[in-house]
Amino acid sequence: MITIALSKGRIFEETLPLLAAAGITPAEDPEASRKLIIGTNRDDVRLIIVRASDVPTYVEYGAADLGVAGRDVLIEHGGAGLYQPLDLEIAKCRLMVATRNGFDYDGAVRQGARLKIATKYVQQAREHFAAKGVHVDVIKLYGSMELAPLVGLADAIVDLVSTGGTLKANDLVAVEHIRDISSRLVVNQAALKLKEERIQPMLDAFAGAIGSGAIGQ
Ligand SMILES: Nc1ncnc2c1ncn2[C@@H]1O[C@H](COP(=O)(O)OP(=O)(O)OP(=O)(O)O)[C@@H](O)[C@H]1O
Ligand SMILES: O=P(O)(O)OC[C@H]1O[C@H](OP(=O)(O)OP(=O)(O)O)[C@H](O)[C@@H]1O
């Protein structure tokens, strides 16, 4: 059995064309089902539905052979034991620093102020501000980061931005770009060795689909 770990929502949706290129069709829609193990048209392939940030853990420990995870998630996880052969060019967005509209971020940085930063991406926030020589207190959140500057929890957030619609709706502005994000295929290294005959053709099919334009944003 080959087990592929995916998260519900955009990763699942945007991985469907890749799976199709490898001849794999899920038997059910995870949005419509409460099942966490989903069969496919292939007896030897199944999908497991996990939180986006848990995908690297399932693959690292070999509970899944393959997975799809955002670069944001992979950097926070550390990527230990994971082979990352393909940038799938899906779920594209940017990791950014954002503040309330009108907050003088550049001034605060110039004056050497100690900034409170709310984020789910603690590791990347620490690295970003350390590299700039800015002192920060990082406050860990699990979602809705955009709220933090509005209620005085933080001076700035580090969060993902795609259309910019969420920032705009909350009167926030992006003030710094940290990195571009897309999702990658992650593979358990031991599984690749043991099941190479079945996994390698999947990697080849996925790789072919990326270049073909079969996969949208
Ligand atoms: N607005 C967006 N546009 C495009 N890609 C995004 C966007 N937001 C997140 N992503 C990417 O998609 C991945 C999955 O996002 P998703 O919203 O499904 O999970 P999550 O809510 O961030 O994770 P978790 O459930 O573990 O808290 C993220 O890790 C990121 O790489
Ligand atoms: O720039 P935009 O196009 O508005 O996208 C940005 C939003 O997308 C992500 O949230 P998501 O939609 O994944 O919600 P979640 O964090 O609650 O899963 C991210 O955390 C931002 O809030």
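Just so you know, residue 1 is the first one in the sequence shown, and it goes up from there. Both ligands and their constituent atoms are indexed starting at 1 by order of listing.
Residue-level proximity to ligand 2 for Asp159 is carried by the side chain, the only part with a heavy atom below 4.0 angstrom. With a 4.0 Å heavy-atom cut-off, ligand 1 is reached by no atom of Asp54. Residue-level proximity to ligand 1 for Lys92 is carried by the backbone, the only part with a heavy atom below 4.0 angstrom.
Contact atoms of ligand 2 toward Val161: 1 (O) (distance under 4.0 Å to a heavy atom of the residue). Contact atoms of ligand 1 toward Gly70: 31 (O) (distance under 4.0 Å to a heavy atom of the residue). Ligand-side atoms of ligand 1 in range of Val73: 29 (O), range being under 4.0 angstrom from any heavy atom. Under a 4.0 Å criterion applied to the non-hydrogen atoms of Ile11, ligand 1 contributes the atoms 13 (C), 14 (C). If you number the atoms of ligand 1 from 1 as listed, the ones under 4.0 Å from a heavy atom of Ser162 come out as 1 (N), 2 (C), 3 (N). Heavy-atom proximity to Ile181, at under 4.0 Å, picks out these atoms of ligand 1: 31 (O).
Annotation: atom 13 (O) of ligand 2 to nearest protein heavy atom, Arg10 NH1, 2.9 Å. Closest protein heavy atom to atom 5 (O) of ligand 2: Ser162 N, 3.7 Å. The protein atom (non-hydrogen) at minimum distance from atom 2 (P) of ligand 2 is Thr163 OG1, 3.3 Å. From the protein, the heavy atom lying nearest to atom 7 (C) of ligand 2 is Thr166 OG1, 3.7 Å. For atom 6 (C) of ligand 2, the closest non-hydrogen atom on the protein side is Leu160 O, 3.4 Å.
Ligand 1 has an N or O atom lying under 3.5 Å from an N or O atom of Asp72, backbone or side chain. On a distance-only criterion, Gly164 and ligand 2 share at least one N/O pair closer than 3.5 Å. For Arg71, no nitrogen or oxygen atom sits less than 3.5 Å from a nitrogen or oxygen atom of ligand 1, counting backbone and side chain alike. Residue-to-ligand polar distances place Lys120 within reach of ligand 1: an N/O pair is separated by less than 3.5 Å. Residue Arg51 has at least one nitrogen or oxygen atom sitting less than 3.5 Å from a nitrogen or oxygen atom of ligand 1, judged on distance alone.
Remark: side-chain polar atoms of Thr40 are paired, donor with acceptor, to backbone N or O of Val45 under 3.5 angstrom. A donor-acceptor contact shorter than 3.5 Å links the side chain of Asp155 to the backbone of Lys116. For the pair Gln124 (side chain) and Ile75 (backbone), a donor-acceptor distance under 3.5 Å is absent. A donor-acceptor pair under 3.5 Å is absent between the side-chain atoms of Ser33 and the main chain of Asp29, judged by distance alone. Of the possible donor and acceptor atoms, none in the side chain of Glu176 sits under 3.5 Å from a partner among the backbone N and O of Ala98. Looking only at distances, no side-chain donor or acceptor of Glu28 sits under 3.5 Å from a matching main-chain atom of Ile38. Counting only distance, with no hydrogens or angles, the side chain of Asp87 and the backbone of Glu89 share a donor-acceptor pair below 3.5 Å. Between the side chain of Asn41 and the main chain of Thr25, a donor-acceptor pair closer than 3.5 Å is present.
Closest heavy-atom contact between Arg71 and Asp180: NH1-O, 2.9 Å.
Judged by the shortest distance from any of its heavy atoms, Glu146 lies inside the 4.0 Å radius around the atoms of ligand 2. Ligand 2 has no atom lying under 4.0 Å from any heavy atom of Lys120.
Counting only N and O atoms by type, the side chains of His77 and Gln123 include no donor and acceptor under 3.5 Å apart.
Leu88 is connected to Val187 through a chain of hydrophobic side-chain contacts under 4.5 Å among Ile, Leu, Val, Met, Phe, Trp and Tyr, so both are in one cluster.
Closer than 4.0 Å to atom 18 (O) of ligand 2 lies none of the heavy atoms of the protein. The presence of a protein heavy atom under 4.0 Å from atom 15 (P) of ligand 2 is ruled out. In this structure, atom 10 (O) of ligand 2 is not in close contact with the protein, since no protein heavy atom lies within 4.0 Å of it.
Which of Arg10, Glu76, Lys8 comes nearest to atom 12 (O) of ligand 1 through a heavy atom is settled by distance: it is Arg10.
From Arg184, atom CZ reaches atom CD1 of Ile90 across 12.0 Å, with rounding to the nearest 0.5 Å.
Using a 4.0 Å cut-off between charged nitrogen and carboxylate oxygen, Asp65 and Lys195 count as a salt-bridge pair. No salt bridge links Asp159 with Lys120; every basic N to acidic carboxylate O contact stays at or beyond 4.0 Å.
Here the options are Val158, Val97, Val134, the test is side chain to side chain contact (heavy atoms under 4.5 Å, CB included), and the partner is His128; only Val97 passes.
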